[in-house]
Student: 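One structure is given below, represented as structure tokens, and several questions about it will come after.
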Amino acid sequence: MKCHFYLLDINEDRWNDKPCVRLWGVDEKRRRVLVLAAFTLPYFYYVLDDGVDAEKIKLELESKARTALPEISEVRIELKKRLGRTRTALKISCNDTGVVSSYAKQLQKLFKGRATFEADLRLSVRYVTDSDLTPCGWNECEVQPVTLTGVKVDRAYVATSPPLTVKDVTLPKLRLLSFSVLTASGKGSAKPEKDPVRVIAVETNTGESKAFTCDGADDSKLLNSFVSFLANFDPDIILSFESNRLHWPYLIQRFKARRIRFSIGRDGSEPHTSMFGHLSITGRANVDLFDIAGSLPEVKIKTLENVAEFLQTPSSGKVTTIAESDRYALWSTELGRRRLTEHTAVNAKASLEVAEASLTLPMQLSAITGLPLDQVMTAAVGFRVDSYLMKQAHLIGELIPPRSEQPFFTYRGAIVLEPKSGLHDNVAVLDFASMYPNLMVDYNLSPDTLLKPDEQVPADSVNLIPEVKHRFRRSPDGFYKIVLSTLIKERSGISRELKEADPKSSRYKVLKERERAVKIVTNACYGYAGWAGARWYVREVAESAAALGRDTIDKTIKKAEAVGVEVIYGDTDSLFVKNEPNKIDQLLSWVKKEMGLEVRVEQIYVRVLFTEAMKRYAGLLPDGTIDIVGLEVVRGDWSDIARQVQEQVLNSILRDRSTEKAIERVRSTIGRLRAGEVPIADLTIWKTLTKPIEDYKVNAPHIEAAKRLLKEGWDLTLGDKVGYVITKGKGRLFEKARPYNQVRPQDVDTDYYMQNQVKPAAMRILERFGASEEQVGF
DNA sequence: AAGGGCGCACTTTTGA
DNA sequence: TCAAAAGTGCGC
């Protein structure tokens, strides 16, 4: 019989005394299924020197292996490629996953040979790489039913044929569960060894919602209720905000402290940390919405509140932030407890809504890269590319190199133009479409086409890169070119399908997000090539792409001048020009014809303002909204008061063209500040701890505040944001910084906020319009 | 365990 | 007093 299933999770196990992978999914009849697949045994390649008799080595190996390497089950001779060159390799399969890497090492000692490859791939990775199997997609294989105990699924099978991907973008009806956790402690951060969980709120996509609370010190009942709710609902995807960093670790510790088994996996197992620091729950996908927030560049400061607002989810307006330091006091009153419980419930509800609005992208990214859903968003960009490339490499028989520690070299990057400062009316932004990927394809930039400096070849058979003088073979197509062409083709295929799809249909939405996912992977390939951690790291490839980018933008600027298009600013692959459509058309068609690259008019600004700085500007769009780039308004490390005042200044100038109105707004802020009317929250400056506190070489305000928080019993770890306020007093700035929750209104150093926050933020803009500090009132 | 790249602005501290 | 270094967070 056939099993047709949507794949959700993959893990490793053994079956009939052999390694196998477990494929957890949902079938077309909405049954939860488990398919045991044992076709691919773990294996690695042993690459032979040129001219060596492979058969002889094979026989020798088989006889030696009988005693020295008893877990080898099969040796096969295969032709593989390494950087495009054909190699004879022995494919050595093993009966045990644990021995693969040690066997690879021993083999190199037993025989002389080139190297081993692919011994570092885990079986689940091996399986996705090798087979036609798509996570977050439909797959099909021949199966036989089996009876398994201790596994919570509707059907269990063992596969009797390799799986095949079924092209189908329909989504099965999945069960989603979101949760939010609230803790509170009388002193500092709540500690799982002693502080109970106060509230866990859960919300499901079938409309169930519950808030479990615990009034006293014993939260056993709450913890048990959470587990049984989970078991009853049996979710396919579990969602929460900042769960990998906060909720899961706390819950795991707390369950341990209470000696309760936290068994929520479909095989009864407990949550466990896995690759990329994510939390794995067997048979389900655990997704941290914080990681999804990372894929939304429009949301500058990644809070649930901001994400919900950006996605315009129904309860977005209701999400609030309650500072951890305020929670204990609130928890001590009946009213406060009600408020905290409600707050947690709203968070859970908002999390579910955010998930429903944003999960399609991660799912498509998972389908394309082959990384399971619970890993794909926690994995850094480079690892998504790695995973994608491994699948592609396998398809063309290219050996997968290991990830290794490599010496690291920086190289020159892109060009940024000095802006023409001041206000400009009617400005068009020209953008090269996928500039780096296209250059990589056009010039065949790839690890396997790069020539060594001393290699002699006919000049007309290579692409010589300007400035950096690297040379790449024009043929055959390199690995990157093959992969990028595949991605680009995939994208245009999706675009075609989109044109025929109904924009309101769910199919349209899936295709749209699939297109985005393909674009994400495509655009990441350039940075990947220059990342020392990449399996296919070749600095020259990235360096050449950057050099070609500079060359391209240079030539385009020269041509713009020649046809009379005024260039105002440019960064990497964009040019801001005076909007004169006829001349622009001329320029664009020249680029297309001469360089084979597509440039689009990406945006038109009614008015745009530049200071003298690069990467910082603000523009008024035709729809009346204001786009702010790089300036303090969009930076998370300035006080709200400074950001608000700058935003008001920009509004007055861009929308109303009124410097007077802008100055008036600033004066009013100064007045409020002097009168002590600005709340502490608007004066708090947030900065991230980017390394362990003891590693800092210099004193800094946020480090001083962090030390004071630690002394009070707060836990602070790498990646935490520290909020501080500058208070009155003597000494240097860092000596006057206090954690925001320890500051009373009368302590605030108003002068600092005047001179070092509001003034620079406002004057940065205003001085462009001739306003002096005195005139504004500083 | 935790990992794309480089270019840039800007504030504060440091040390000569 | 001042230039360099440290630190953060942005743009593309």
Side-chain angles (χ1 to χ4, degrees), chain A residues 244-245 273-278 297 300-302 375 378-386 389 403-406 408-419 429 431-432 434-436 520-521 523-539 541-543 545-547 549-550 553 569-575 602 611-617 627-639 642 685-691 695-704 717-719 721-722 726 731-737 752 755-757 759-761 764:
Chain A
N244 284 342
R245 206 170 72 88
T273 47
S274 183
M275 285 173 83
F276 314 118
H278 85 287
K300 300 284 175 212
I301 300 162
K302 316 290 182 185
Q375 288 175 34
T378 50
V381 180
F383 288 88
R384 295 181 197 155
V385 178
D386 236 10
L389 291 185
R403 247 199 306 272
S404 58
E405 302 264 327
Q406 303 199 45
F408 169 83
F409 303 94
T410 54
Y411 60 89
R412 210 178 135 208
I415 288 178
V416 190
L417 303 185
E418 299 269 358
V429 183
D431 241 33
F432 280 85
S434 303
M435 182 196 250
Y436 287 138
I520 287 172
V521 177
N523 290 341
C525 287
Y526 152 73
Y528 172 90
W531 169 45
R535 287 180 190 269
W536 283 275
Y537 167 57
V538 179
R539 190 202 79 243
V541 169
E543 190 171 32
R550 292 193 297 270
I553 209 93
Y569 173 68
D571 184 348
T572 311
D573 59 354
S574 72
L575 287 178
E602 198 65 31
T611 65
E612 272 161 14
M614 303 170 182
K615 297 189 183 276
R616 302 190 153 204
Y617 55 88
D627 217 7
I628 300 174
V629 181
L631 291 161
E632 280 76 1
V633 177
V634 295
R635 292 185 63 94
D637 58 347
W638 281 74
S639 60
I685 300 164
W686 293 91
K687 289 203 173 156
T688 311
L689 288 179
T690 59
K691 49 187 170 188
D695 287 5
Y696 281 89
K697 289 178 187 155
V698 299
N699 294 303
H702 73 299
I703 302 306
E704 183 62 24
T717 46
L718 215 139
K721 291 211 186 296
V722 181
I726 301 302
R732 279 182 294 185
L733 195 64
F734 73 88
E735 296 170 282
K736 304 198 289 174
Y752 171 81
Q755 298 301 320
N756 298 51
Q757 290 281 320
K759 189 165 93 182
R764 186 114 49 228

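Chain letters run A, B, ... following the sequence lines, proteins first, then strands; residues in each count from 1. Here the structure is a predicted model, which means the values were calculated and not measured.
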Student: Which heavy atom of A:H702 sits nearest to which heavy atom of A:V722, and what is that distance?
Tutor: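 Between these two residues, the closest heavy atoms are O-CG1, 3.6 Å.
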Student: Would you say that more than 12 heavy atoms from the other residues, nucleotides or ligands in this model lie under 6.0 Å from the CD of A:E418, or not?
Tutor: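 Not buried by this count: 12 neighbours or fewer within 6.0 Å.
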Student: Are more than 12 heavy atoms, taken from residues, nucleotides or ligands other than A:K691, located less than 6.0 Å from that residue's NZ atom?
Tutor: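 Atom NZ in A:K691 is crowded, with more than 12 foreign heavy atoms closer than 6.0 Å.
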Student: Evaluate the side-chain proximity of A:D386 to A:Y528: yes if any heavy-atom separation is below 4.5 Å, no if none is.
Tutor: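 Sidechains of A:D386 and A:Y528: in contact.
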Student: Scan nucleotides 6-12 of chain C nucleotide by nucleotide, 5' to 3', and note B when protein non-hydrogen atoms come under 4.0 Å of the base, S if they reach only the sugar-phosphate, - if neither.
Tutor: SSBBSBS
Student: Report the distance from atom OG1 of A:T690 to atom CG of A:L718, rounding to the nearest 0.5 Å.
Tutor: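 Going from the OG1 atom of A:T690 to the CG atom of A:L718 covers 7.0 Å.
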Student: So, the side chain of A:Q757 versus the backbone of A:S639: is there a donor-acceptor pair under 3.5 Å, distance only?
Tutor: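 The answer is yes, because a donor-acceptor pair under 3.5 Å joins these two groups.
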Student: Give A:R403 one of three labels, base, sugar-phosphate or nothing, depending on what nucleic acid heavy atoms sit under 4.0 Å from its own.
Tutor: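 It contacts nothing in the nucleic acid.
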Student: So what does A:F383 touch, heavy atoms closer than 4.0 Å: a base, only the sugar-phosphate, or nothing?
Tutor: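 Base contact - A:F383 has a heavy atom under 4.0 Å of at least one base atom.
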Student: If you measure from the C1' atom in B:dA1 to the same atom in C:dG11, how many Å do you get, rounded?
Tutor: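 Nearest-Å result for B:dA1 against C:dG11 at atom C1': 29 Å.
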Student: Could you say whether A:G527 or A:R550 is positioned toward the 5' end of DNA chain B, judged by the nucleotide with the nearest heavy atom to each?
Tutor: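 It is A:G527 whose nearest nucleotide is closer to the 5' end.
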Student: What is the nucleic acid contact for A:Y436, judged by heavy atoms within less than 4.0 Å: base, sugar-phosphate only, or nothing?
Tutor: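 Nothing, no nucleic acid heavy atom in range.
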Student: So what does A:R764 touch, heavy atoms closer than 4.0 Å: a base, only the sugar-phosphate, or nothing?
Tutor: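 Here A:R764 touches the backbone only, sparing every base.
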Student: With a 4.0 Å cut-off on heavy atoms, is A:T410 in touch with a base, just the backbone sugar-phosphate, or nothing at all?
Tutor: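 Sugar-phosphate, backbone atoms only, no base.
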Student: Test salt bridge (charged side-chain N to carboxylate O under 4.0 Å, His left out) on A:E704 and A:K736; report intermediate values, then the result.
Tutor: CA-CA 9 Å; A:E704 183 62 24; A:K736 304 198 289 174; over 6 Å; no
Student: Would you classify A:A414 as touching base, sugar-phosphate or nothing, given that sugar-phosphate means primed atoms plus P, OP1 and OP2, and contacts are heavy atoms under 4.0 Å?
Tutor: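 The answer is sugar-phosphate, as A:A414 gets under 4.0 Å only of primed atoms, P, OP1 or OP2.
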Student: Does anyone know the first and last nucleotide of DNA chain B in reach of chain A, 5' to 3', at under 4.0 angstrom to a heavy atom?
Tutor: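 Nucleotide range in contact with chain A: B:dG3 to B:dT14.
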Student: Hey, which of these two, A:N523 or A:R412, hits DNA chain B nearer its 5' end, going by closest nucleotide?
Tutor: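 Closer to the 5' end of DNA chain B: A:N523.
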